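Ligands are counted one by one from 1 in listed order, and the atoms in each one are counted from 1 as well. Model, not experiment: these values are computed from the prediction.
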Amino acid sequence: MWNRAKSIFSIIALGLCLAAGAPCAQQAPPQASKAQHTLQKAEDPWWKHAVIYEIYPRSFQDSNGDGVGDINGITSRLDYLRDLGIDAIWISPMYPSPLVDFGYDVSDYTAIDPLYGTLADFDRLVSEAKKRDIRVIMDFVPNHTSDQHPWFKESRSSRTNPKRDWYIWRDGKGPGEPPNNWQSWFGHSAWKFDPTTNQYYYHHFYTEQPDLNWRNPQVRKAMYDAMRFWLDRGVAGFRIDAVSRLFEDPNLHDDPILPGKNAYGDPNIAHKYTDNLPEVHEVLREMRRVADEYPGNPVLISEADEPNITELTKMYGRKNDEVQLPMDFQIADVNKLSAPDFRRLLNEIERNAAGGQPHYFFSNHDQPRQWDRYGDDVHNDQIAKLMAALLLTMRATPLMYYGEEIGMRTTDPVRKEDVQDPIGKIGWPEEKGRDGERTPMQWDGSKNAGFSTAERPWLPVPPSSAEYNVNAESQDPGSILSFYKRLIALRRSESALRDGRYVPLDRDDPFVFAYLRKKPGKGDAILVVLNMSGEPRTVKFDLAADGIRDSSARPLIAAPEMAQEATVLNHFTIPAFGVFIGSVH
Ligand code: GLC
């Protein structure tokens, strides 16, 4: 399964290599005065201290029994999110859509699909969330629209239509021959012939997702106005979808062919001429200016699978004037428990030239869940806690994916006819699609795990829900959910964990990843020790140079529990896949 995700994300990486404080201050309403606005800008922004939680709306909570999650369902679960300690939710697209890519094919950027509810439901969600100190982040899909968007319908109607240039139209090379060899991320040619005007249009993703032409100023204006529409309704920012794909080489150079074939049977190619073109940064600066028109420090989060720290750093902008939180796919793509890999990548991002805030995650709606990706099939629950501790103790803004806190696992379809995600149909059996990581949230042990009263939810509820669900785990202090709650609470209460410097320890240990989170100027620190191996390990810490005088650490959270004698700093024994978080002075 993970190979599938790798096949999606790594080819582009290769292409790029070839090319070269106040934890919960509420967002002020839009009408806040200029003076207030300036004041808020000067403050430590909320997103630096937030725990962000991704909700896939189809799968979180169904309130009307149609088998698909919806906005009122999310609103009904806000108390759960507050009790978990979540500061902001990013909700995958809920715009009107023919749902070819389950919402990432937008047919109206300023409305809500009736499947999910109404704009009034959305407004109520934002206001109820605000009462609980939870911000709402929208998903924004700028690279492409649905082919059912009125803009595209106009564009395809004639070569002289005023919206013709809103999309990328080109002549073929010859009869039946597309303009060049560019491939869709989801398989086969990225060009689709349209007989109405005898030209091809470009689609980086599905054929039903034509790419917008971001070199057209009218497109930019329309999209920035769409951002303002949601900011005016009080959203706290945007997760910007597939942002590195906004531009393509105007000269249509062929992409370099690489050895081998992908899951769709196409030759592997490096997306050299369709990904990460420099103009992307101009657009990001413009988007940032739109966000900065609003008070309350709205955040921009970029989805771009950057292949290295240099490219990732560019996302912050030369003057920190692009996105505040570029998602770090390098960390997410470490597909094994590897202390050296995590240590190396963390050190790199810590030194990013922009001084930007790291943004880490391990699971999302496009990649297999972490429970089974890092698990060894024997200690998966313990490993789930280990990954939780890593995510929530690093110096970064952590991003969780619904259900990771209860140990939800990837549950792929077993028959092709059950597959919902089109890439799973195109690429079956090698590519099973992304249904496995999008199954319904597991709330309790009742029918459909409390997700829906429908006979058949849109995706089946995994069998593991009988044991792994919110209700059962809330009553078990040793559960994965209880562990997440304790970690998030500790992150809030310990300023060293929230704001402290990251000081790597144990630089060469192949199994144990250990670090300090240290308050500025003081000796106080939090010691984090993570054993990424299946054997107990004994390590030695000499923290005198870091201003620490203690000879042993005082446990705050440990899994499994550890005796005080084990935490002697010069003979520290950590169990298999163990987590230790303690304070030292
Ligand atoms: C992003 C989304 C993914 C979607 C694609 C095309 O990668 O996360 O789910 O299929 O963009 O919009």
Side-chain angles (χ1 to χ4, degrees), residues 4-13 15-16 52 54-59 90-107 109 113 137-149 152 167 183-188 190 202-212 214 223 238-246 248 263-264 271 274-276 280 300-306 315 323 325-329 332-333 359 361-369 399 401-402 410 419-427 431-439 459:
R4 179 268 291 170
K6 277 312 237 191
S7 73
I8 291 185
F9 290 114
S10 61
I11 297 168
I12 209 154
L16 280 160
I52 306 180
E54 179 190 356
I55 291 181
Y56 197 65
R58 299 179 65 78
S59 299
W90 144 38
I91 313 177
S92 288
M94 299 184 293
Y95 308 100
S97 164
L99 300 174
V100 170
D101 196 13
F102 294 108
Y104 284 97
D105 45 326
V106 178
S107 55
Y109 286 93
D113 194 298
I137 297 171
M138 284 301 264
D139 209 310
F140 191 58
V141 189
N143 179 67
H144 47 270
T145 67
S146 158
D147 64 352
Q148 299 307 307
H149 196 296
F152 187 69
Y167 294 83
Q183 275 178 25
S184 158
W185 198 243
F186 290 154
H188 313 324
Y202 176 74
H203 58 93
H204 194 94
F205 295 95
Y206 291 122
T207 45
E208 296 86 348
Q209 293 170 301
D211 273 45
L212 282 163
W214 275 84
M223 295 302 278
F238 300 94
R239 173 263 190 192
I240 314 171
D241 184 68
V243 72
S244 60
R245 328 283 161 91
L246 291 185
E248 300 75 34
Y264 311 108
H271 293 261
T274 58
D275 191 21
N276 247 339
V280 164
L300 298 181
I301 299 173
S302 55
E303 188 221 18
D305 182 21
E306 302 301 353
M315 288 283 153
V323 306
L325 297 178
M327 288 179 175
D328 190 330
F329 276 85
D333 283 355
H359 189 34
F361 66 99
F362 293 116
S363 292
N364 70 22
H365 65 284
D366 291 327
Q367 52 200 62
R369 286 182 175 274
L399 171 58
Y401 182 49
Y402 81 93
T410 315
V419 174
Q420 298 276 344
D421 184 18
I423 55 170
K425 294 180 184 150
I426 307 169
E431 164 60 75
K432 294 193 169 65
R434 297 162 292 182
D435 296 353
E437 52 265 30
R438 299 174 175 179
T439 57
L459 284 176

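- Distances from atom 9 (O) of ligand 1 to the heavy atoms of D366, V243, V141, V106 show the closest one on D366.
- At least one heavy atom of R434 sits closer than 4.0 Å to an atom of ligand 1.
- The part of F186 lying near ligand 1 is the side chain, judged by heavy-atom distances below 4.0 Å.
- Using a 4.0 Å cut-off to heavy atoms of D241, the atoms of ligand 1 that qualify are 1 (C), 2 (C), 6 (C), 7 (O), 8 (O), 11 (O), 12 (O).
- Under a 3.5 Å cut-off, the side chain of S107 and the backbone N or O of S146 do not form any donor-acceptor pair.
- In R438, the part holding a heavy atom less than 4.0 Å from any atom of ligand 1 is the side chain.
- The contact set between ligand 1 and H144, taken as ligand atoms under 4.0 Å from a residue heavy atom, comprises 6 (C), 12 (O).
- With respect to E437, the side chain to side chain contact (heavy atoms under 4.5 Å, CB included) criterion is satisfied by exactly one of T410, N364, D421: T410.
- Interface atoms of ligand 1 facing D101, defined by a heavy-atom separation under 4.0 Å, are 4 (C), 5 (C), 6 (C), 10 (O), 12 (O).
- In this structure, the ring-ring contact (aromatic ring centres under 6.0 Å, His included) partners of H149, at least two apart in sequence or on a different chain, are Y109, W151.
- Ring pair Y206/F186 is tilted by interplanar angle, where 30° to 60° counts as tilted.
- Y401 is linked by a ring-ring contact (aromatic ring centres under 6.0 Å, His included) to nothing, counting only residues two or more places apart in sequence or in another chain.
- Cation-pi geometry between R369 and Y402 is met: under 6.0 angstrom from the ring centre, within 45 degrees of the axis.
- Residue contacts with ligand 1 for R245 are absent, since no atom lies close enough (heavy atoms, distance under 4.0 Å).
- The closest donor-acceptor contact from the side chain of H144 to the backbone of Y104 lies under 3.5 Å.
- Against a heavy-atom cut-off of under 4.0 Å, H365 is close to the following atoms of ligand 1: 2 (C), 3 (C), 8 (O), 9 (O).
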